Participant: 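Dumping the structure here so I can ask a few things about it.
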Amino acid sequence: MFSLVPTCKGRHACKSFPSLRVCYQFFSSATNSLPSVSDGFGTEKKRTHFGLLFQSCTKLHHSKCLHAFLVVSGKAQDIIFSSRLVNRYAYLGDVSFSRRTFDSMPRKDVYTWNSMVSAYVRSGRFREAVDCFSDFLLTPGLRPDFYTFPPVLKACGNLNVGKKIHCWLIKLGLEWDVFVAASLIHMYSRFGFISVAHKLFDEMPFRDMGCWNAMISGFCQNGNAADALDVLIEMRSEGVKMDPVTVASLLTACAQSDDSLSGMLIHLYVIKHGLEFDLFVCNALINMYAKFGCLGHAHRVFYEMQVRDLVSWNSIITANEQNDEPMTALGFFNRMQLSRVKPDWLTLVSLASIIAQLNDAEMSRSVHGFILRRDWFKEDVVIGNAVVDMYAKLGAIDSARTVFEGLPVKDVVSWNTLITGYTQNGLASEANEVYCMMQECKGIIPNQGSWVSILPAYTHLGALQQGMRIHGRVIKNCLYLDVFVGTCLIDMYGKCGRLDDAFSLFYQVPRMSSVTWNAMISCLGVHGHGGKAVKLFKDMIDEGVKPDHVTFVSLMAACSHSGLVNEGELYFHMMQKEYGIKPGLKHYGCMVDLLGRAGHLDKAYSFIKTMPVQPDASVWGALLGACRIHGNAELGKIASERLFEVDSENVGYYVLLSNIYATTGKWEGVDKVRSMARNRRLRKTPGWSSIQINNKVDVFYTGNQTHPLCEQIYQKLRELTEKMKSLGYVPDFSFVLQDVEDDEKEHILMSHSERLAIAFGIISTPPKTPIRIFKNLRVCGDCHNVTKLISVITEREIIVRDSNRFHHFKDGTCSCGDYW
DNA sequence: TTAGGGTTAG
């Protein structure tokens with residue numbers, strides 16, 4: 001709202017100074033506000049009136065009107081007026097107008113240059129600010145003063161420039177000006193030279209609030225909350241009270257160091273000293289409570305705020321987004337738009353994550369388009385990474401790749417995001433490819449995030465050697481104690497068959513977090529050591545680590561694999577009663593699997609019927625799998641009917657059902673399932689198996705005939721089949737869904753990927769060497785039988801890890817006891 | 001008339 005300062009009184013001013021009257025009228029019409037002329041221009045000096053007019057320009061078009069007036073009245077060349085315009089345009093957020101005004105000035109003084117430099121800094125255009133400062137230095141007859149340096153120090157992009165400026169300041173004797181000194185402290189802290197900043201701070205002859213705050217925030221931003229607290233104590237001992245700036249810095253430090261007690265004490269201080277209406281303080285409080293997971297407190301602060309800015313909205317949106325409340329977050333986003341607050345690129349970073357959580361593919365395109373229209377990929381690499389992450393999480397990995405390729409700048413996080421995207425979408429080879437590309441990329445150094453991205457891909461591929469190479473790099477970088485990398489390594493060793501190595505690593509890494517325990521319990525489970533998994537769970541409780549929903553999934557799966565039905569049921573109830581964890585679909589799936597595998601098929605079916613949530617494919621799939629093990633075609637039919645209602649695309653279930661009919665002699669059923677699969681034009685997920693020999697991984701697809709040793713492999717398989725038949729092997733054609741002759745079916749079974757890999761292992765390694773195979777799907781029943789026989793014929797141990805668990809074949813038996 | 005220290009990020 002336009003207003004003239006009420007202290008200027010008297011109706012004579014307009015007559016005595018007509019130009020001001022014109023200007024005033026100009027303004028009144030521009031702002032649709034016509035305050036009484038008698039309120040205007042009293043006996044103040046001409047320039048003061050103009051000063052007030054400049055201050056009155058609270059919107060960009062006010063400034064433009066005033067500018068036009070100055071041009072019309074021939075005062076635009078006046079160095080004082082145009083300098084103030086430079087300032088005002090920058091204050092109103094339009095630095096290009098500042099620059100145009102600046103360039104049009106025939107003569108410039110120190111004030112003009114200072115205004116232009118600070119205009120750039122105010123709008124975050126630091127490089128242009130430094131360039132402008134350099135031009136200033138080249139201007140003959142003008143020297144920067146103590147107003148020039150604080151913005152320049154804020155803008156300088158590297159420590160060397162900062163040090164150079166510090167030297168000048170010493171020479172000019174401006175070092176101890178409080179504004180300058182605070183800027184120096186801030187600059188050194190920003191570059192991580194906190195000790196230099198602290199030394200400067202200690203030597204200061206006089207400190208004002210800005211200097212104390214610069215030092216405290218310096219420590220806070222370097223993650224050193226304890227030292228920040230020491231400075232705070234010193235400050236308060238000198239009788240200086242915390243102001244909103246101090247509080248906002250400290251709240252951020254509390255959030256970062258997860259110190260909820262101090263955070264709440266500061267909140268009390270805020271209320272006691274009436275700082276709860278400060279915008280920055282409130283924004284920092286929302287952020288802090290969100291980090292503590294106290295969404296209710298964050299909401300309360302937000303609702304009680306009297307003034308909210310873009311940061312407030314972004315903070316409350318992010319608070320909900322990061323606390324798994326995407327719908328609420330989206331609600332705040334909509335309300336923000338209704339409040340006419342325009343989103344910035346940071347809002348869109350949160351929005352991308354919200355869309356991924358909501359799994360809304362349509363909205364993901366809108367978000368992408370919104371960013372493209374505003375050209376915000378240039379704003380910061382963070383927003384590009386957020387979009388790559390969004391697409392990857394939605395399963396649109398090709399879109400993620402396209403966005404990644406088009407990013408103007410890529411940092412290590414961009415690469416990590418894409419690698420994680422491939423890994424999480426089950427594309428481990430592509431993840432490895434991207435990881436290799438990243439290593440060849442100049443200026444990108446893999447970090448912890450990179451190991452955490454790539455290790456699960458190696459686990460998936462069973463690429464132990466590559467995984468071990470990463471382990472070597474981790475040790476070299478002294479990162480082996482990092483809980484995330486440590487957990488990934490445990491998982492990798494465990495799932496690549498090195499359970500002992502996984503265990504020894506488990507005792508080396510910090511075990512405060514449940515994730516490490518979950519990984520180890522899960523590894524024990526897939527190896528069929530249910531009892532050890534239960535023991536480890538008890539150790540976990542004894543060490544005071546709180547189990548989470550993942551712990552119970554791993555634990556119940558381990559019980560299921562080992563037939564520990566009572567224990568599994570016990571933990572399902574314990575999870576709810578003692579830990580208040582509401583069972584999810586995965587827990588229900590585990591329970592059905594547990595009961596079904598053990599032969600309690602009716603109990604499993606009743607259990608499904610009492611579920612409070614709609615069963616998904618994994619739950620019905622578990623029942624169908626159990627029906628196959630126990631040859632129950634009747635229940636299998638019911639399970640498959642439900643299954644095809646929720647997931648009619650997964651060909652694996654058709655194979656299972658056909659197998660149930662075949663083993664129970666219901667050949668009509670087999671035909672029916674085959675025609676169903678054919679009519680729905682289902683294509684089987686390509687099965688592949690990999691084997692690593694001499695650091696080289698060979699991948700075999702079912703029916704693969706392109707391998708250089710293809711001839712020898714099939715020859716070996718024919719040879720083995722003959723020997724197996726003499727031991728009583730009869731091929732089980734129920735695992736072949738194709739409607740072909742028996743000869744063809746036998747050939748299809750023989751060219752299953754795991755058999756090709758095993759045969760390749762036999763011909764490529766010395767006799768009696770153990771063979772380790774990885775398969776992306778579950779091993780079929782016929783291959784399971786065949787592998788048992790091959791282990792007898794060749795006197796080899798054969799270890800097969802399929803998508804479900806480990807099978808350790810030795811002397812004609814399997815560690816899973818056919819309980820898979 | 002011009003300047004410092006504060007809040008949100010993948």
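Since the structure is predicted, the reported quantities are computational estimates derived from the model, not experimental observations. So you know, we letter chains A, B, ... as the sequences are listed, proteins then strands, and number each from 1.
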Participant: Among B:dG5, B:dA9, B:dA3, find the nucleotide with the atom closest to the side chain of A:N213.
Facilitator: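 Among B:dG5, B:dA9, B:dA3, the one nearest the side chain of A:N213 is B:dG5.
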Participant: Scan A:V178 against the nucleic acid and name what it touches under 4.0 Å (heavy atoms): base, sugar-phosphate only, or nothing.
Facilitator: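 Result for A:V178 = base.
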Participant: Students often get this wrong, so: under 4.0 angstrom with heavy atoms, is A:W113 touching a base, only sugar-phosphate, or nothing?
Facilitator: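 The residue A:W113 makes no contact with any strand.
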Participant: Contact class for A:T252 (heavy atom, under 4.0 Å): base, sugar-phosphate, or nothing?
Facilitator: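 Contact class for A:T252: sugar-phosphate only.
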Participant: Between B:dG5 atom C1' and A:F149 atom CZ, what is the distance in whole Å?
Facilitator: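 The distance from CZ of A:F149 to C1' of B:dG5 comes to 19 Å, rounded to the nearest Å.
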Participant: Any carboxylate oxygen within less than 4.0 angstrom of a Lys/Arg side-chain nitrogen, looking at A:D131 and A:R127?
Facilitator: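 A salt bridge is absent here (no side-chain N lies under 4.0 Å from a carboxylate O).
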Participant: Expressed in angstrom and rounded to an integer, what is the separation of A:F219 atom CZ from B:dG6 atom P?
Facilitator: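 Taking CZ of A:F219 and P of B:dG6, I get 15 Å after rounding.
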Participant: Check A:E234 with A:R207, please: is the shortest side-chain N to carboxylate O separation under 4.0 Å?
Facilitator: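 Yes, this pair counts.
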Participant: State, without any angle test, whether A:S217 and A:S249 hold a side-chain donor-acceptor pair at a distance under 3.5 Å.
Facilitator: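 Looking only at side-chain atoms, A:S249 and A:S217 do not form any donor-acceptor pair under 3.5 Å.
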Participant: Starting at CZ of A:F179 and ending at P of B:dG5, how long is that distance when rounded to a whole Å?
Facilitator: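 So the two atoms are 10 Å apart, to the nearest Å.
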Participant: Does B:dG6 have its OP1 or OP2 closer than 4.0 Å to a side-chain nitrogen or oxygen of A:Q221?
Facilitator: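 For B:dG6, OP1 or OP2 has a side-chain N or O of A:Q221 closer than 4.0 Å.
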Participant: Report yes if a side-chain nitrogen or oxygen of A:T318 is closer than 4.0 Å to either non-bridging phosphate oxygen (OP1 or OP2) of B:dT8; otherwise report no.
Facilitator: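 Indeed not, no polar side-chain atom of A:T318 lies that close.
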Participant: Determine the contact category for A:D243: base if any of its heavy atoms lies under 4.0 Å from a base atom, sugar-phosphate if only primed atoms, P, OP1 or OP2 are that close, otherwise nothing.
Facilitator: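 Contact class for A:D243: base.
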Participant: Identify whether any heavy atom of A:S183 sits under 4.0 Å from a base atom; if not, whether one sits that close to sugar-phosphate; answer base, sugar-phosphate or nothing.
Facilitator: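 Sugar-phosphate, no base atom in range.
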Participant: Using OP1 and OP2 only, check whether a side-chain N or O of A:R88 sits under 4.0 Å from B:dT2.
Facilitator: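 A:R88 to B:dT2 OP1/OP2: no side-chain N or O under 4.0 Å.
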Participant: Among B:dG5, B:dA3, B:dT7, which nucleotide has an atom closest to any side-chain atom of A:A284?
Facilitator: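 My answer, after comparing the listed nucleotides, is B:dT7.
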Participant: Heavy atoms under 4.0 Å, any strand shown: does A:C282 hit a base, just sugar-phosphate, or nothing?
Facilitator: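 The residue A:C282 makes no contact with any strand.
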Participant: Quick one: is A:N87 getting a side-chain N or O under 4.0 Å of the B:dT2 phosphate, OP1 or OP2?
Facilitator: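 Checking A:N87 against B:dT2: no side-chain N or O falls below 4.0 Å of OP1 or OP2.
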Participant: I need the CD-P distance between A:E175 and B:dA3, as an integer number of Å.
Facilitator: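 Distance check: A:E175 CD to B:dA3 P gives 22 Å.
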Participant: Between A:F133 (CZ) and B:dA3 (C1'), how many Å, whole number?
Facilitator: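 My rounded result for the distance is 13 Å.
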Participant: Can you tell which of B:dA9, B:dA3, B:dG6 lies closest to the side chain of A:P244?
Facilitator: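 The nucleotide sitting nearest to the side chain is B:dG6.
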Participant: For the side chain of A:A214, counting heavy atoms from C-beta on, which of B:dG5, B:dA3, B:dA9 is nearest?
Facilitator: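 Among B:dG5, B:dA3, B:dA9, the one nearest the side chain of A:A214 is B:dG5.
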Participant: Return no unless some side-chain N or O of A:H186 is found under 4.0 Å from OP1 or OP2 of B:dG5.
Facilitator: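 Result: yes.
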Participant: Would A:F332 and A:H299 count as a ring-ring contact (aromatic ring centres under 6.0 Å, His included) if you check the C-alpha gap in whole Å, the side-chain angles of each, and the deciding distance to 0.1 Å?
Facilitator: CA-CA 11 Å; A:F332 276 111; A:H299 282 169; 5.3 Å; yes
Participant: Under the criteria of a ring-centre distance below 5.5 Å and an interplanar angle below 30°, is A:F280 stacked with the base of B:dG6?
Facilitator: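 The base of B:dG6 is stacked with A:F280 (centres under 5.5 Å, planes under 30°).
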Participant: Give the rounded distance in Å between these two atoms: CG of A:L251 and C1' of B:dT8.
Facilitator: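 Rounded to whole Å, this separation is 14 Å.
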Participant: Are the aromatic rings of A:W212 and A:F201 close, with centres under 6.0 Å apart?
Facilitator: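 Yes, the ring of A:W212 comes within the 6.0 Å limit of the ring of A:F201, centre to centre.
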Participant: Measure from CG on A:L169 to C1' on B:dA3 and round the result to the nearest Å.
Facilitator: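 Roughly 12 Å, once rounded to whole Å.
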Participant: Taking the six-membered ring for Trp and the full ring for Phe, Tyr or His, determine whether the centres of A:F219 and A:H198 are under 6.0 Å apart.
Facilitator: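 Yes, the ring of A:F219 comes within the 6.0 Å limit of the ring of A:H198, centre to centre.
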Participant: Please confirm whether A:H67 and A:F97 have ring centers closer than 6.0 angstrom.
Facilitator: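 When the ring centroids of A:H67 and A:F97 are compared, they turn out to be at least 6.0 Å apart.
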Participant: Reckon A:M209 touches a base, only the sugar-phosphate, or nothing at all at heavy-atom distances under 4.0 Å?
Facilitator: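 The answer is base, as A:M209 lies within the cut-off (heavy atoms under 4.0 Å) of a base atom.
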Participant: Does A:D278 get its side chain close enough to the base of B:dG6, under 3.5 Å, for a donor-acceptor pair?
Facilitator: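 Per atom types, the contact qualifies.
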Participant: Can you check the A:W345 CH2 to B:dT8 C1' distance for me, whole Å?
Facilitator: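 Going from A:W345 (CH2) to B:dT8 (C1'), I get 9 Å.
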Participant: Counting the atoms with a prime plus P, OP1 and OP2 as sugar-phosphate, which does A:D177 contact under 4.0 Å by heavy atoms, base, sugar-phosphate, or nothing?
Facilitator: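 Answer is base: heavy atoms of A:D177 come under 4.0 Å of a base.
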